[in-house]
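Throughout, protein chains are lettered first and strands after them, A, B, ... in sequence-line order, and every chain is numbered starting at 1.
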Protein chains: 2
Amino acid sequence: MVKAAGPGRPPTSVDIARVAGTSQATVSRALNGGRVAAATRERILAISRELGYTPNAAARSMVTSRTGLVGVVVSDLTNPFYPEFLEEIAACLGARRQHMLLQNAAGGGDREAVELLLQQRVDGIVFTAAVEGSEAVADLVARRFPVVLANRVVDAGCDSVEGDHPAGAAAVVDHLAGLGHRHIAVLAGLPGASTSARRLAGIRDRLTSLALPAPDVVETGFDYDRAVRAATELLTGPQPPTAIVGLNDQVAFAALNAAAALGVAVPSRLSVAGFDDVRQASWPTLGLTTVRQPQVAMAARSVALLNERIDDPDLAPRHEVLPAELIVRSTTGPAAS
Amino acid sequence: MVKAAGPGRPPTSVDIARVAGTSQATVSRALNGGRVAAATRERILAISRELGYTPNAAARSMVTSRTGLVGVVVSDLTNPFYPEFLEEIAACLGARRQHMLLQNAAGGGDREAVELLLQQRVDGIVFTAAVEGSEAVADLVARRFPVVLANRVVDAGCDSVEGDHPAGAAAVVDHLAGLGHRHIAVLAGLPGASTSARRLAGIRDRLTSLALPAPDVVETGFDYDRAVRAATELLTGPQPPTAIVGLNDQVAFAALNAAAALGVAVPSRLSVAGFDDVRQASWPTLGLTTVRQPQVAMAARSVALLNERIDDPDLAPRHEVLPAELIVRSTTGPAAS
DNA sequence: GATCATGGTGTATACGTATACATCATGAAG
DNA sequence: CTTCATGATGTATACGTATACACCATGATC
């Protein structure tokens, strides 16, 4: 195969060396801060700029065995929880000259997502809201591959960061109970979704310790459309609840919208609360009462933990819990008689 | 350097060959569908599975000079326009076994984003809402690097896909004019943002052809917080408009929220309309009147155009316009007297 | 003036894969 | 039996980079 040398192929460090009259090794040193005579370095940098040289990350990673890429697996990009979270992740990574490789594991099948990330030889992976007992995650952990679970509980002895679900759940229940609600419904995720499970457990615990009736629970898989249908059924049923708690803000919004579509007044006839405190929750037009999760802090800690583990795979697994806080807005009020 | 051979290093095709007693070339052929005896292929696949082999994308790309990665540059992840758009992009890419490398060009500085994507040797880049006359884009086009602009106008003779901004703008103006509005304000992006500029021009054109007064225009850079402040100023000023058009849904929501915070009733005292028809626009709690952009189709066409160009860089630049459609909901009504 | 540290550079190699080319066995076709 | 196409495999190489090692010149140190 004749070397095309056409303008199509991007210039390499060898091309620079040829022009500069040095060896390729010197070019590499000049570009990466090795010992090079000042004059030589200047010349090489100038030529590099002129040629429009861009280092080939693939070639570099082959010799350094580090890519500087970090995989991030999300379950549903349309969940408004993610934008801020991802922006913060990207920002934290940028500070260490790393970059984010985002994968959307639609429908809980994270197998393929992980496969791609491994092919790209990412240095580590942040999972958000992966399904409990995910085989893919377990495999990675078994291989001692750097993994951090964000916004979900420990499962296979790897690092994790989550909000204080019991405290948050207790706060919502206290708030609603204080308003006189006794018939509470919950829109939950799938049974295997750990975040959902922990929040639900927290709600149940608090209700029983307050000697209140157990909640109606509908598992919607955190899917917006299914949550709307579920809320509609609840509200048009024989014994509609006086309060609905969405285990994340997305399904709480679904409840709000179902109520609006049915003409059920909020908060006078129905109270709605969520979890996460997504940006839209604070909009005056929505004003959702919700349990704030420190998304930014969660992203920052996830990246920090991941990098510590990348640097030292032998660390003992760590589990961080960030404080949760109830934000009362305008979707909750005294229970209707 | 002694070859570590530890369990830390992922297995390679050479490792498989050693176990299988074949050459590395045969392993490669077996895994990629080359001519290999059925028995041999079976054995190799089994060993591959057992060892947990994952092909090294970097090494592969070095020899094939294709990475299967496509860069996507967005300007603001928190814009609700993106989630669906990105999901569709990912879906279309997946069908061709390609993958998305997402870059958030915060603050309009797309230079760094492009730099990273080039280092990763992406096969092509989809830009969304890049700033008009971006040097980074111009450079790429000059180098004949495959580029598609989504949701923005042609600038440097490269492929692009956009909504029908003039038609959409005309539809909103007609709608508002028909409701009796004569004092219309517009929340725009930055002057260099082409989408914003085209929509604004469309609005101005239609207003003048209807012999209506020119709109008040505030350039907010499509930033939510700035848009809220701008809308608040408009509504508390000496001559508040009877209608506000946001040039995307995000700033339209900002106007809605500013009005709610001020106690300005919508649509009785103020009408609000947007562009994009983001998912939330159809929520009963918001019910935003807006010009629908076919986000899904736009994503699909972008990927299609990009791949055609990757396969044949000599194609003449193409420009596709997708239909826009006004969706009337509950935020627009007859002008207050 | 001999020894030696040191800065600057070139040579050689490894990373993991795909593929062009050569080799060899097998059976069909003449 | 010879010739030849064909299938299966091995050998060798290239991709672009970082870095260990060797080498040389320079000036300092004794």
Side-chain angles (χ1 to χ4, degrees), chain A residues 1-6 8-45 48 51-68 97 118-123, chain B residues 1-6 8-45 47-48 51-68 97 118-121 123:
Chain A
M1 187 194 300
V2 183
K3 182 174 291 185
R9 194 177 46 84
T12 71
S13 57
V14 176
D15 296 329
I16 298 180
R18 194 175 304 129
V19 176
T22 74
S23 72
Q24 178 268 332
T26 297
V27 172
S28 179
R29 282 187 286 255
L31 295 172
N32 297 330
R35 311 222 63 107
V36 175
T40 313
R41 158 170 287 124
E42 286 308 314
R43 190 156 37 98
I44 288 178
L45 287 181
S48 160
L51 262 49
Y53 171 74
T54 306
N56 184 323
R60 166 179 292 161
S61 78
M62 291 211 53
V63 35
T64 63
S65 68
R66 281 253 179 133
T67 57
R97 314 208 132 261
L118 290 181
Q119 288 188 8
Q120 298 295 332
R121 295 294 190 267
V122 294
D123 295 333
Chain B
M1 190 194 299
V2 184
K3 184 173 289 185
R9 195 177 44 85
T12 72
S13 57
V14 176
D15 295 331
I16 298 181
R18 194 175 304 131
V19 175
T22 73
S23 72
Q24 179 269 332
T26 298
V27 173
S28 179
R29 281 186 288 254
L31 295 173
N32 297 330
R35 311 220 61 108
V36 175
T40 313
R41 157 169 287 123
E42 285 308 315
R43 190 155 37 97
I44 287 178
L45 288 180
I47 296 174
S48 161
L51 261 48
Y53 171 74
T54 308
N56 184 324
R60 166 179 294 162
S61 77
M62 290 211 55
V63 35
T64 62
S65 69
R66 282 248 179 140
T67 57
R97 312 209 133 260
L118 291 182
Q119 288 188 10
Q120 298 295 333
R121 295 295 190 267
D123 295 333

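Of the possible polar contacts, none joining the B/Thr67 side chain to the B/Ser61 backbone as a donor-acceptor pair under 3.5 Å is found. With hydrogens and angles disregarded, a donor-acceptor distance shorter than 3.5 Å links the side chain of B/Arg43 to the backbone of B/Ala20. Within the 3.5 Å criterion, the main-chain N or O of A/Met62 finds no donor-acceptor partner in the side chain of A/Arg121.
Taking atom CZ of B/Arg41 as the reference point, atom P of D/dG7 lies 14 Å away to the nearest angstrom. In this structure, the CE atom of B/Met62 is 12 Å from the C1' atom of C/dA14, given to the nearest Å. When the P atom of C/dT9 is taken as reference, atom CZ of A/Arg43 falls 8 Å away, rounded to whole Å. Rounding to whole angstrom units, CG of residue B/Leu118 and P of D/dG16 are separated by 15 Å. Nucleotide D/dC15 holds its C1' atom 10 Å from the CZ atom of A/Arg9, rounded to whole Å. Rounding to whole angstrom units, CZ of residue B/Arg18 and P of C/dG16 are separated by 10 Å. One interatomic measurement links the two molecules: CD1 of B/Ile16 to P of C/dA18, which rounds to 11 Å at whole-angstrom precision. Atom CZ in B/Arg66 sits roughly 19 Å away from atom C1' in D/dG16 (whole-Å rounding).
Counting non-hydrogen atoms under 4.0 angstrom, B/Ser65 reaches nothing in the nucleic acid. Looking at heavy-atom distances under 4.0 Å, B/Arg35 makes contact with a base. Across all strands shown, B/Thr40 has heavy atoms under 4.0 Å from sugar-phosphate atoms exclusively, and none from any base.
Direction change of the helix axis from one end of the helix from C/dG1-D/dC30 to C/dG30-D/dC1 to the other is 50°, with five pairs defining each end axis (rounded to 10°).
The shortest heavy-atom contact between B/Arg35 and B/Arg29 is O-CD, 4.1 Å. Annotation for A/Arg60 and A/Pro55: closest pair NH2-CB, 3.8 Å, computed over non-hydrogen atoms. Contact between A/Gly34 and A/Arg41 at its shortest, heavy atoms only, is O-NH2, 3.0 Å. Between B/Gln119 and A/Thr54, the closest heavy-atom pair is CG-CG2, 3.4 Å. Of all heavy-atom pairs between B/Gln24 and B/Val14, the closest is CG-CG2, 4.0 Å.
Side-chain N/O atoms of A/Asn56 include none lying less than 4.0 angstrom from OP1 or OP2 on D/dC15. Contact annotation: A/Ser13 does not reach the phosphate of D/dG16 (side-chain N/O to OP1 or OP2, under 4.0 Å).
Near DNA chain C, meaning a heavy atom under 4.0 Å away, the residues from residues 21-31 of chain B are B/Gln24, B/Ala25, B/Ser28, B/Arg29.
Checking each of A/Ile44, A/Val27, A/Ile16 against A/Tyr53 for a side-chain contact (heavy atoms from CB on, under 4.5 Å) leaves exactly one that passes, namely A/Ile16.
Listed nucleotides: D/dT9, D/dT17, D/dC15. Nearest to the side chain of B/Ala37: D/dT9.
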